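Inspection log for the structure reproduced underneath, given as structure tokens.
Each chain gets a letter, A, B and so on, in the order the sequences are listed, and its residues count up from 1. Everything numeric in this text was worked out from a predicted model, so none of it was measured.
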Amino acid sequence: MTMRKLFCIALCCASTAIVGCGGSSKNKIAGSGPNVQPITVNAGPNGSSVNTAFISVNVCVPGSSSSCQTISGILVDTGSFGLRILSSALSISLPQQNAPDGNPVAECVPFANSLTWGPVETADIQISGETASSVPVQVLSDTAFPLPSGCKNLGLPSVDTLSTLGANGLLGVGEFVQDCGNDCTLSGPSNPGLYYECPNSNCVVTQEALSAQVANPVAFFANDNNGVIVELPAVNGSAATVNGSLVFGIGTQSNNGLGSATVYAVNSNADITTQFGSTCVSTSPCDSFLDSGSNGIFFLDSTTTGIPACSSGDGFYCPTTTQNLKATNDGSNGTSGQVSFSVGDADAMFSNGASAYSDLAGPNPGAFDWGLPFFYGRNVFTAINGASTPAGTGPFWAY
Amino acid sequence: MPRSIECPAFAFPIRRLQAMQISRWLALLVFFTPLSAFAGLGGDSNSVVTDQIHFQASLKTTQMTAFTVHEIHPQKGTVIREYVSPTGTVFAVTWHGSWIPDMQQLLGSHFQQLVSGAQAQNSVHTGRHPLNIVQPDFVFQQGGHMRAFSGRAYLPQMLPTGVHAEAIQ
């Protein structure tokens, strides 16, 4: 190691005390344990995924130890809440959730570029040594019940197949417990219309109690239920496969302590803020969030960044040379830390054939969506709303 | 300084008879108005009122130098802004809040461009990320995460002189 490198490390660690280290030091990834589930970033079950973190999940008919199935290729998503499984990936029959009047319940869930539709069912969910019993989950199917007009009016494609979802399911382990919250318990025009009752082929919007909503299973574990850590090694450019860990609990075991991680408290939307350039200034910073389920770093637009969008129009950036940039993340608790990140030519990456890229990025006007490239080389803690941790009550992120 | 007019349509008391007359008048207006005028995006300024009624919302209007912003506050909590040019065309819409509004209503005749654009992008690269459809006559950009979404849609060819996309927030 040269003196120059030693000096850089010393400088980095000195600055860690003030603003965090920016992820440049090597992060320690938990080995096997009762609260550790391996993560793999690879091409996934459809063979073409990019920057997508997969795990295996075991689901059982509630109370059964024999009607169980292990499903691999489930995407780990800190930007959503609850388990969603492709109907086509599910070989066991889970019990349908029924409304108090006996009608089956289905759900229409918006995401930024797609939606999920299908029945709400109930499962025991086992991941590593942790179990969540009788948790509502969504089964993705456009055929179990027909897509209602209120859901079609979102204008987004319903993803209910391996080729459109790119995974066998989504495991939402973000900061909220329920996927909708209080809004969906309301009647009339205040209800956002996620939950439907389907007495026949005509599904109608219904009120859904908090306890019946599709929910983050981590909050229902007996132990290690206050949050998760996504631990992935650094990626320098590209990699065919990346192996890491999803660790349950924050400060509950010897392998999930916060250590020197900086805590970034979030606002009521589970967002922090980011300062960047002349667009996201300190007096008017941009909304920002850490989302392992986004496959790139998505921020601002070509006009404000000067980085050209890809001519293919696929929603990514394609600079002629890799851009090395810096932004500052701020928590609502007053913490602040600089983030270094890179933006490369997305279309060149897509033709390269690897599965992990550290510099895949695209536009997202007015905001920062720190997707999976942000997680490479960091242990990112997600604390659940209302849960107590050694660093205080969630929700927060820490890294 | 922008001039603001608050109009909480469902907050101030209207006598029942008046309310019935208004709703009859609106029903007639809706019946006899050509389809394009219903549309939020690309429609005329009357469509702001149609959208306000559809979303059961209150309305706040702010006059800027080059356009007027009509801010619709639906009870669902997602704030919608409609940008109207001096010639009376809705050239842009934005939304911020927990959920995504009814895009069929908000985009009007441009709704199908969202449907086909989103479908096309998902079939090129399956993956989860913000939606960014950029066409010569239609731009749709939506991001965020579960329980917190934001986005904008605008018609590049309809932007008033001197107005850039950055003004649409």
Segment of [X] engaging chain B (4.5 angstrom heavy-atom cut-off):
{"X": "Leu165(A)", "value": "both"}
{"X": "Phe81(A)", "value": "both"}
{"X": "Asp301(A)", "value": "side chain"}
{"X": "Ala309(A)", "value": "neither"}
{"X": "Ser268(A)", "value": "neither"}
{"X": "Thr52(A)", "value": "neither"}

Between [options], the one whose heavy-atom pairs under 4.5 Å with chain B are most numerous:
{"options": "Val50(A), Asp271(A), Asp77(A), Val159(A)", "value": "Asp271(A)"}
{"options": "Asn269(A), Asp369(A), Asn46(A), Leu75(A)", "value": "Asn269(A)"}
{"options": "Gly155(A), Pro363(A), Gly315(A), Ser149(A)", "value": "Gly155(A)"}
{"options": "Thr304(A), Thr78(A), Leu194(A)", "value": "Leu194(A)"}
{"options": "Ser48(A), Cys180(A), Gly150(A)", "value": "Cys180(A)"}
{"options": "Gly181(A), Gly44(A), Ser49(A)", "value": "Gly181(A)"}

With heavy-atom distances below 4.5 Å as the criterion, would you say the side chains of [X] and [Y] are in contact?
{"X": "Asn122(B)", "Y": "Thr164(A)", "result": "yes"}
{"X": "Leu156(A)", "Y": "Gln142(B)", "result": "yes"}
{"X": "Pro365(A)", "Y": "Gln141(B)", "result": "yes"}

Pairwise distance [atom1]([X]) to [atom2]([Y]) - rounded to 0.5 angstrom:
{"X": "Gln121(B)", "Y": "Ser114(A)", "atom1": "CD", "atom2": "OG", "answer": "11.5 Å"}
{"X": "Arg128(B)", "Y": "Asp291(A)", "atom1": "CZ", "atom2": "CG", "answer": "9.0 Å"}
{"X": "Leu114(B)", "Y": "Asn153(A)", "atom1": "CG", "atom2": "CG", "answer": "10.5 Å"}
{"X": "Asn113(A)", "Y": "Asn132(B)", "atom1": "CG", "atom2": "CG", "answer": "11.0 Å"}

Give, as side chain, backbone, both or neither, the part of [X] having an atom under 4.5 angstrom from any heavy atom of chain A.
{"X": "Pro101(B)", "value": "backbone"}
{"X": "Ser98(B)", "value": "side chain"}
{"X": "Val134(B)", "value": "neither"}

Problem set entry | Distance-only side-chain donor-acceptor flag, Asn295(A) / His129(B), under 3.5 Å | no
Problem set entry | Aromatic plane relationship, Phe350(A) with His125(B) - under 30° parallel, 30 to 60° tilted, over 60° perpendicular | parallel
Closest contact, heavy atoms only, [X] versus [Y]:
{"X": "Ala270(A)", "Y": "His145(B)", "result": "O-NE2, 3.7 Å"}
{"X": "Asp183(A)", "Y": "Trp99(B)", "result": "OD2-NE1, 2.9 Å"}
{"X": "Ile100(B)", "Y": "Pro110(A)", "result": "CD1-CB, 3.6 Å"}
{"X": "Ala112(A)", "Y": "Gly144(B)", "result": "CB-O, 4.3 Å"}

Seminar exercise, completed: Under a 4.5 Å heavy-atom criterion, the part of residues 147-169 of chain B in contact with chain A comprises Arg147(B), Ala148(B), Phe149(B), Arg152(B), Glu166(B)
Exercise. Is there a donor-acceptor contact under 3.5 Å from the side chain of Thr126(B) to the main chain of Gly166(A)?
Worked result: no
